[in-house]
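Heads up, the thing below is written out as structure tokens.
Within every chain, numbering begins at 1; the chains are lettered A, B, ... in the order of the sequence lines, protein sequences first and strands thereafter.
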2 protein chains.
Amino acid sequence: MPKTSRKNGRQRQNAEIRKPEIVKSFYQTILERGFEGASIAKVAARINIHPSLILHYFGNKENLTLELVDYVIEEYDRLLRSVELEGLSPEARLERLLEIIWSREYYEKIHIAGSFSLLAVSFRRPRIQEKIEGLYNAFRRFLAKEIQKAADAGIIEQQDTVRTAARIITLIEGARHFRHLFVEKNECEQYNQDMKAATRMMMQMQ
Amino acid sequence: MPKTSRKNGRQRQNAEIRKPEIVKSFYQTILERGFEGASIAKVAARINIHPSLILHYFGNKENLTLELVDYVIEEYDRLLRSVELEGLSPEARLERLLEIIWSREYYEKIHIAGSFSLLAVSFRRPRIQEKIEGLYNAFRRFLAKEIQKAADAGIIEQQDTVRTAARIITLIEGARHFRHLFVEKNECEQYNQDMKAATRMMMQMQ
DNA sequence: ATTAACTCACTAACCATTCAATTAATTGTT
DNA sequence: AACAATTAATTGAATGGTTAGTGAGTTAAT
């Protein structure tokens with residue numbers, strides 16, 4: 001007989017562990033069934049807890065949704081911060097940035113279906129839209145900073161870095177769309193190279 | 001007293017009128033409440049009919065969804081066919097194409113939130129994904145044909161037109177995403193001009 | 001009289017949310 | 001080290017509303 005008698009064989013967790021677990025389950029459920037198809041009951045069943053536990057922690061579904069948006073944004077933020085560019089020459093630094101942005105690993109990180117669901121929701125919920133806008137702004141600032149560095153080093157021409165960053169993000173977001181619908185596995189490397197070349201060209205524009 | 005006594009003040013329609021009306025109501029309801037949030041009851045209420053009438057015509061919700069996808073695709077197709085380029089010089093023809101693609105009217109035609117919803121759904125439904133792929137393929141062929149015409153006329157270099165078309169569609173789709181989240185109304189014209197310039201540049205690549 | 005459009009009443013499953021009960025871990029006291 | 005008190009995690013049962021779908025009945029047009 002075990003020291004702790006439990007009903008379902010799972011340990012009792014504290015909020016610090018359980019809350020993120022619920023948020024991640026919500027995300028996974030959205031991937032599988034869509035946003036409005038992700039009910040509290042399904043999110044709970046996925047991690048073998050009682051639906052009431054979710055409401056105990058989050059109060060209602062709206063709060064759970066807002067915490068999910070935060071989670072997705074943090075994941076993306078972590079991804080941006082993990083880009084290691086320090087200590088490289090300006091040329092190598094720019095090259096490395098392009099390599100990362102157009103790598104398979106990068107675009108797979110934030111799953112596209114989940115993004116679509118959240119974007120579709122954001123049209124109806126100003127608070128969510130604001131959060132997503134903040135995410136894109138951070139990305140734009142990050143890119144603009146790198147472009148400025150390359151321009152200062154004379155690798156590319158001086159330009160309106162914010163506008164250039166906006167163009168590049170447009171391409172990146174478009175690629176997330178398009179690649180999944182369109183690009184066969186054997187064409188993927190070719191497509192990524194095309195995108196990289198297009199990005200380079202955009203940096204020379206103005 | 002009216003000749004036709006009716007309960008709800010609406011005339012009796014035939015299937016030819018009623019079915020598209022239902023599909024359009026479904027689309028509008030998705031815009032407002034998301035895909036899984038668009039129930040048969042809400043779609044019916046929106047046009048003041050009984051929910052059973054929808055099931056009478058479509059049998060079940062899956063069929064209604066498939067007919068919606070067809071409707072969206074037809075709308076997009078109509079949009080492409082409405083592009084009037086005949087009788088123009090090769091230079092003017094290319095210029096006009098760019099103008100249309102990056103016009104406000106064009107990108108507003110197929111509402112983005114509905115597209116997101118459908119794309120998110122397509123990840124979970126192969127039949128819908130196939131239909132959307134068909135739509136993009138038609139667009140790609142259309143663009144490739146125009147690029148070939150311009151190359152034949154010597155306006156742009158000879159190139160792999162299908163790859164170029166893919167790059168341009170990537171940019172267009174990315175712009176649909178990005179513009180809505182990002183571009184303030186006063187920046188919109190500037191952004192569109194940037195996009196047009198980027199498209200032109202992509203046509204010169206190889 | 002026939003056909004098609006349309007409504008009504010119903011079902012069983014699912015929805016978010018409520019509040020009270022239970023169970024396990026932690027803390028304080030001896 | 002033992003025990004009680006407190007706190008937090010978790011479940012259970014019930015709420016009223018919504019869901020897709022069925023099948024039978026009604027109404028209007030031809």
Side-chain angles (χ1 to χ4, degrees), chain A residues 1-26 29-30 32-68 117 121 124-125 128, chain B residues 1-26 29-30 32-68 117 121 124-125 128:
Chain A
M1 197 173 174
K3 254 178 282 180
T4 55
S5 72
R6 341 177 195 115
K7 264 183 187 158
N8 54 10
R10 298 187 94 261
Q11 263 177 255
R12 202 164 257 238
Q13 309 284 181
N14 57 22
E16 214 173 324
I17 292 174
R18 200 55 108 188
K19 285 188 71 176
E21 192 187 3
I22 292 168
V23 171
K24 282 173 197 166
S25 173
F26 188 32
T29 311
I30 288 173
E32 287 162 15
R33 340 268 296 222
F35 182 80
E36 288 85 356
S39 70
I40 287 176
K42 284 174 198 153
V43 175
R46 175 171 248 286
I47 50 176
N48 291 311
I49 59 170
H50 198 279
S52 291
L53 190 56
I54 294 179
L55 291 156
H56 166 68
Y57 279 126
F58 296 92
N60 56 42
K61 205 179 176 182
E62 174 72 10
N63 290 339
L64 177 60
T65 306
L66 292 174
E67 296 221 24
L68 170 68
S117 291
V121 169
R124 281 166 280 128
R125 311 231 251 200
I128 294 176
Chain B
M1 198 169 173
K3 252 180 283 180
T4 55
S5 72
R6 335 175 200 120
K7 263 183 191 160
N8 54 10
R10 300 187 93 263
Q11 263 178 254
R12 201 164 258 238
Q13 310 284 184
N14 57 23
E16 213 174 326
I17 292 175
R18 202 53 113 186
K19 285 188 72 175
E21 191 186 4
I22 291 169
V23 171
K24 281 173 197 167
S25 174
F26 188 32
T29 310
I30 287 174
E32 287 164 15
R33 338 269 295 221
F35 182 79
E36 288 85 355
S39 68
I40 288 176
K42 285 175 198 151
V43 175
R46 175 171 248 286
I47 50 176
N48 291 312
I49 58 169
H50 200 278
S52 290
L53 189 55
I54 294 178
L55 291 157
H56 166 69
Y57 279 126
F58 295 92
N60 57 40
K61 205 180 175 182
E62 173 74 9
N63 290 340
L64 175 60
T65 306
L66 292 174
E67 296 221 23
L68 170 68
S117 290
V121 169
R124 281 166 281 128
R125 312 231 254 201
I128 293 176

Just to confirm, is there a sub-4.0 Å distance from OP1 or OP2 of [N] to any side-chain nitrogen or oxygen of [X]?
X	N	answer
A:Arg12	C:dT26	no
A:Ser39	C:dC14	no
B:Arg18	C:dC6	yes
B:Lys42	D:dT18	no

Heavy atoms within less than 4.0 Å of DNA chain C: which residues of residues 54-62 of chain A have one? Give them sorted by number.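 Heavy-atom contacts with DNA chain C come from A:Leu55, A:Asn60, A:Lys61.
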So does [Y] get a backbone contact from the side chain of [X], meaning a donor-acceptor N/O pair under 3.5 Å?
X	Y	answer
A:Ser25	A:Val43	yes
A:Asn60	A:Asn63	yes
B:Thr65	B:Lys61	yes

Between N or O atoms, less than 3.5 Å apart, protein on one side and nucleotides 9-13 of chain C on the other: list the pairs.
none

Please give me the minimum heavy-atom distance between [X] and [Y], naming the atom from each residue.
X	Y	value
B:Tyr57	B:Asn14	OH-C, 4.0 Å
B:Glu36	A:Arg33	OE2-O, 3.1 Å
B:Gly34	B:Ser117	CA-OG, 4.4 Å
A:Pro20	A:Ala15	CD-O, 3.8 Å
B:Pro51	B:Ala41	CG-CA, 4.2 Å

Under 4.0 Å between a side-chain nitrogen and a carboxylate oxygen: does that hold for B:Lys42 and B:Glu32?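 Between B:Glu32 and B:Lys42 there is no salt bridge, as every charged N stays at least 4.0 Å from the carboxylate O atoms.
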Salt-bridge contact B:Arg18-B:Glu21 (side-chain N to carboxylate O under 4.0 Å):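 Yes.
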Of all the choices, C:dT17, C:dC15, D:dT10, which nucleotide is nearest to the side chain of A:Ile40 once you look at every atom?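 When the side chain of A:Ile40 is considered, C:dT17 is the closest of C:dT17, C:dC15, D:dT10.
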What is the separation between atom [atom1] on [X] and atom [atom2] on [N], rounded to the nearest whole Å?
X	N	atom1	atom2	value
A:Asn14	C:dT27	CG	P	12 Å
B:Asn63	D:dG21	CG	C1'	13 Å
B:Glu36	C:dA16	CD	C1'	17 Å
A:Ile22	D:dT10	CD1	P	8 Å

Counting the atoms with a prime plus P, OP1 and OP2 as sugar-phosphate, which does B:Leu53 contact under 4.0 Å by heavy atoms, base, sugar-phosphate, or nothing?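 Counting heavy atoms under 4.0 Å across all strands, the contact made by B:Leu53 includes a base.
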What is the distance from atom CD1 of B:Ile30 to atom CG of B:Leu68, rounded to the nearest 0.5 Å?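 Reported to 0.5 Å precision, the distance equals 5.0 Å.
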For the helix from C:dA1-D:dT30 to C:dC15-D:dG16, how many degrees between its two end axes (five pairs per end), to the nearest 10°?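 About 30°, once rounded to a multiple of 10°.
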